[in-house]
**Student:** 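Structure provided below as C-alpha cells; questions to follow.
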Amino acid sequence: MSTTTASATAPAADHPATTVKKPGPARARRRRRLSQWGFIAPAVIFMALFFGYPLVRNVLMSFQDYSPSTFFDGKAPFNGTDNWSKVFQDDLFGKALWHTVVFTIGSLIGQFGIGLALAVFFTKRFPLNGVLRSLILLPWLVPMVVSGIVWRRILDQDTGVLNSFLDTFGLGGATPWLTSPGMALFSVILVNIWIGIPFNMVILYGGLQEVPKELYEAASLDGASAWRTFRSITLPLLKPVITVVLVLGFMSTVKILDLILALTDGGPADSTQTLGTLTYQNSFVQLDFGAGAVVGNVLILISAVFAVFYLRANRSEGK
Amino acid sequence: MATTTVTQTPAAQAPATRAKRRWGATVVGVFILGVMLFPLYWMLNTALQPTSGLLEVSPVPHGVDLSGFTSAIREQGGHLLTSLAVAFGAVTICLAIAAPAAYGLAQFRLRGTRTIVFGTLITQMVPGIVIANALYSAYVDLGLVNSYFGLMLADASLGIPFAIVLMRSFMVAIPREVIEAAEVDGAGRLRTFVQVVLPMSRNSLITAGLFSFLYAWSDFMFALTLNTTDDVKPVTLGIYQYIGAHVGDWGSVMAASVLSAIPAAVLLVLAQKYIAAGITGGSVK
C-alpha cells in the first residue's frame with residue numbers, strides 16, 4: 001500500500017501547495033504540516049487496512065492453497081496457478097460470469113428506464129408530488145436481505161400473492177418464479193429492478209431540476225413535440241448525470257450478493273449463481289479461500305475497468 | 001408511462017380542466033406509489049396474519065393478530081439490539097474518522113490530498129465480498145471474528161468513503177476567512193475544527209451519519225462472513241437464518257422483517273431532506 005500511495009503522489013506535485021503559505025521558519029512549517037496530516041492520517045490508515053490490504057491480500061490468496069485445516073494450523077502454501085486453472089476449468093465459473101452479465105445488463109436497463117420515466121413524471125407539478133416522491137424511496141432504505149425475503153414470499157409458486165393475483169385474471173397462476181432454473185434469474189432481475197428504481201429516480205430527478213426552464217419555453221415556442229424536446233434538450237443536458245447513474249448502478253449490481261442469497265441462494269441448479277455468490281460459495285461454504293480469491297479478483301478487474309469510466313465522468317463533470 | 005408524460009401541451013386551457021388534469025397526475029402518482037410499495041404492504045399484511053402458515057394470505061388482515069410480532073420480538077429482539085449497537089458503533093467510528101479527514105482534504109493545502117480524494121472514490125468500488133474474503137483470515141489472526149468491535153469496524157468501512165466525499169464537498173464551501181479568523185483569535189487547529197467547522201457542517205454530518213447508519217443497519221454480508229458463532233448476530237442475519245428454520249411460519253418472519261424496516265421508515269419521515277441530499281450529493285458531486 002505504502003508504495004502505491006507514494007508513487008501516486010507524484011502527479012499531484014504540480015499543484016502549487018507551498019507557494020501560498022507565508023515562508024515561516026522551516027520547523028514551524030513542518031510542525032504545521034504534521035498537525036494537518038493528523039486530521040487525514042486516520043482515514044488514510046483505515047482505508048489502507050480495509051480496502052488496500054484486502055486488494056493485495058486477495059491477489060496473494062489466489063495463489064495459495066487454502067483448506068478447512070488452514071484455520072487450525074495456519075498453513076496455506078503457495079501453489080502457483082492451481083486455483084486459477086481449477087476455477088476457470090469449472091463450468092460453474094462460465095455460468096456465473098454469464099449470469100452476472102445478464103443480471104447486470106437486465107437490471108440496469110430496467111432500473112434506469114423506469115427510474116427515468118418516473119423522474120420525468122415527477123417533474124410535472126401536481127398535488128402531493130413531494131410526498132409521493134419521498135415515499136417512493138422507502139424500498140431503497142429497507143435492508144436488501146429483508147426485501148429479498150419479502151419477495152421470496154410474494155413469488156412463492158403455490159402460496160405467493162403474485163401467482164394468486166395472476167390467477168384471478170386468468171393469466172396462468174402457477175409460475176415457478178424462483179424454483180425453475182429457466183425463470184429464477186429473470187425473477188431475481190425483476191426484484192433488483194424494483195430495488196434500484198428509487199435510487200435512479202432520485203438522481204435523475206435532481207438532474208432534471210438543473211435543466212434551465214428557458215430551454216423548454218423556447219422549444220415550445222418553436223412548436224417542438226414533447227418527444228422531440230425530450231430527445232434534443234433533456235437527454236443531452238442530462239448526459240453527465242446519466243453516466244454517473246449508470247456507472248454507480250453497474251458497480252452496485254455487478255457485485256450483488258445479499259439479494260440473491262435471500263431469494264434463491266444461487267439455485268435452483270446454480271441458475272442464479274453470479275460472480276459475487278460464487279466468491280462467497282468458494283470461500284465461506286467450501287472454505288476454499290484460494291478459489292474464492294480467484295473469482296474475487298475477476299470481480300475486481302471488472303470493477304476497475306468501470307472505476308476508470310466513473311472517474312472520467314466525475315472529473316469532466318467536476319471541472 | 002409514456003402517454004402521461006406527453007400530455008404536457010402548453011395551450012391555454014380552462015382552469016377547471018387544468019386542475020382536473022393535475023389531480024389526474026396525482027392519481028397516477030398514487031398508483032405508481034402503490035405498485036412500488038406493495039411488497040412493503042404485503043410484508044406488514046403477512047405479519048398480521050401469523051396463522052397463515054403455508055396457506056394463501058388474504059389481501060387484508062382480518063383483525064389484528066400480534067402473535068407474529070410477539071414471537072418475532074422473542075426470537076429476534078436480541079438481534080435487533082445487536083443491530084442497533086453495531087450500527088451506532090459503526091456510525092461513531094465512521095464520523096470520528098471521516099469528519100476530520102473531510103475537513104483536512106477540503107481546507108488544507110497538502111501534497112497528495114488530491115490523490116487521497118481519488119483513492120476515496122475508488123474504494124467505493126471495491127466489491128464487499130472481496131473485502132470480506134481477505135478480512136476473514138486477518139480477523140481470525142487478530143481475534144476479531146465474532147466480536148462487536150470487529151463488525152463495527154467492518155461496517156464503518158461501508159460508510160467512510162461516502163462520508164468523506166459527502167462532507168468534503170460541503171466543507172470546501174466554508175469560507176477560508178472564517179477559519180483564519182478563528183485561528184487568529186488564538187484557537188488551535190483542533191479547537192477551530194470542533195467549535196467552528198463541525199457546527200457549520202452540521203447538515204452534512206447528519207447526512208453522513210444517517211447514511212452510515214443505514215449501511216451498517218442493512219449490512220448482511222459482513223455479518224454473514226465475519227461471524228462463525230451466534231455471539232454477534234444482527235437482525236439481517238437473524239432473519240436470513242430464520243427462514244431456513246421456520247419456513248412455515250411466515251407470520252413471524254414478516255413481523256421480524258417489519259421490525260427491521262422500522263429504522264428506515266423512521267429515518268425517512270424524520271430526515272427526508274437529508275436523505276435526498278445524501279443520495280444525490282454523495283454520488284453526483
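First the proteins, then the strands, lettered A, B, ... as listed; each starts at 1. Since this is a predicted model, take the numbers as computed values, not measurements.
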**Student:** Report which part of B/A98 has an atom under 4.5 Å of a heavy atom belonging to chain A: side chain, backbone, both, or neither.
**Tutor:**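 Interface part for B/A98: neither.
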**Student:** Could you tell me which non-hydrogen atom of A/G276 sits nearest to which non-hydrogen atom of B/I129, and how far apart they are?
**Tutor:** O-CG1, 4.2 Å
**Student:** Looking at B/I122, B/I164, B/L214, B/L37, which makes the most heavy-atom pairs under 4.5 Å with chain A?
**Tutor:**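 It is B/L37.
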**Student:** Tell me, side chain or backbone of B/A102 under 4.5 Å from chain A's heavy atoms, or both, or neither?
**Tutor:** neither
**Student:** Below 4.5 Å from any heavy atom of chain A, which atoms of B/V140 appear? Answer side chain, backbone, both or neither.
**Tutor:**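 The side chain, not the backbone.
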**Student:** Closest approach of A/Y53 and B/A138, non-hydrogen atoms and distance?
**Tutor:**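 In this case the closest contact between A/Y53 and B/A138 is OH-CB, 3.6 Å.
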**Student:** Quick check: closest heavy atoms across B/P39 and A/W151, and the distance to 0.1 Å?
**Tutor:**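 Heavy atoms of B/P39 and A/W151 come nearest at CG-CZ2, 3.4 Å.
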**Student:** Between B/M254 and chain A, with a heavy-atom cut-off of 4.5 Å, which part of the residue counts as in contact: side chain, backbone, both or neither?
**Tutor:**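 Side chain of B/M254 only, per the 4.5 Å heavy-atom cut-off to chain A.
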**Student:** Please classify the contact between A/I114 and chain B as side chain, backbone, both or neither, with a heavy-atom cut-off of under 4.5 Å.
**Tutor:**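 Neither the backbone nor the side chain of A/I114 comes within 4.5 Å of chain B.
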**Student:** Who are the side chain to side chain donor-acceptor pair (under 3.5 Å) partners of A/S225, not counting sequence neighbours?
**Tutor:** none
**Student:** Which atoms of B/T228 come close to chain A, meaning under 4.5 Å heavy atom to heavy atom: side chain ones, backbone ones, both, or neither?
**Tutor:**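 Neither part; nothing is under 4.5 Å.
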**Student:** Side chain, backbone, both or neither: which part of B/I239 has a heavy atom under 4.5 Å from chain A?
**Tutor:** both
**Student:** Given a strict heavy-atom distance threshold of 4.5 Å, which part of A/Y280 is in contact with chain B: side chain, backbone, both, or neither?
**Tutor:** both
**Student:** Nearest heavy-atom pair of A/F50 and B/I131: which atoms, and what distance?
**Tutor:**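 Here A/F50 and B/I131 meet closest at O-CG2, 3.6 Å.
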**Student:** Of the non-hydrogen atoms in B/T26 and A/L128, which two are nearest, and what is the gap between them?
**Tutor:**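 Where B/T26 meets A/L128 most closely, the heavy atoms are CG2-CD1, 4.0 Å.
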**Student:** Identify the heavy atoms of B/S137 and A/M61 that sit nearest to each other, and give their distance.
**Tutor:** OG-CE, 4.3 Å
**Student:** With only heavy atoms counted, which part of B/F211 is less than 4.5 Å from chain A, the side chain, the backbone, both or neither?
**Tutor:** side chain
**Student:** Knowing that exactly one of B/L105, B/L110, B/L190 qualifies, which makes a side chain to side chain contact (heavy atoms under 4.5 Å, CB included) with A/F39?
**Tutor:** B/L190
**Student:** Drop me the distance from B/C94's SG to A/F46's CZ, to the nearest 0.5 angstrom.
**Tutor:** 8.0 Å
**Student:** By a 4.5 Å heavy-atom criterion (distance strictly below it), what part of B/Y215 contacts chain A: side chain, backbone, both, or neither?
**Tutor:** neither
**Student:** Where on B/V30 is there a heavy atom nearer than 4.5 Å to chain A: the side chain, the backbone, both, or neither?
**Tutor:** both
**Student:** Between A/V145 and chain B, which part of the residue has a heavy atom less than 4.5 Å away: side chain, backbone, both or neither?
**Tutor:** side chain
**Student:** Given that the side chain runs from C-beta out, which part of A/S303 has a heavy atom under 4.5 Å from chain B: side chain, backbone, both or neither?
**Tutor:**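 Looking at A/S303, just its side chain touches chain B.
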**Student:** For B/L153, is it the side chain, the backbone, both or neither that has a heavy atom under 4.5 Å from a heavy atom of chain A?
**Tutor:** both
**Student:** Below 4.5 Å from any heavy atom of chain A, which atoms of B/F220 appear? Answer side chain, backbone, both or neither.
**Tutor:**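 It is both, since atoms from each part get that close.
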**Student:** Using the salt bridge (Lys or Arg N to Asp or Glu O under 4.0 Å) criterion, which residues pair with A/R133? Sequence neighbours excluded.
**Tutor:** none
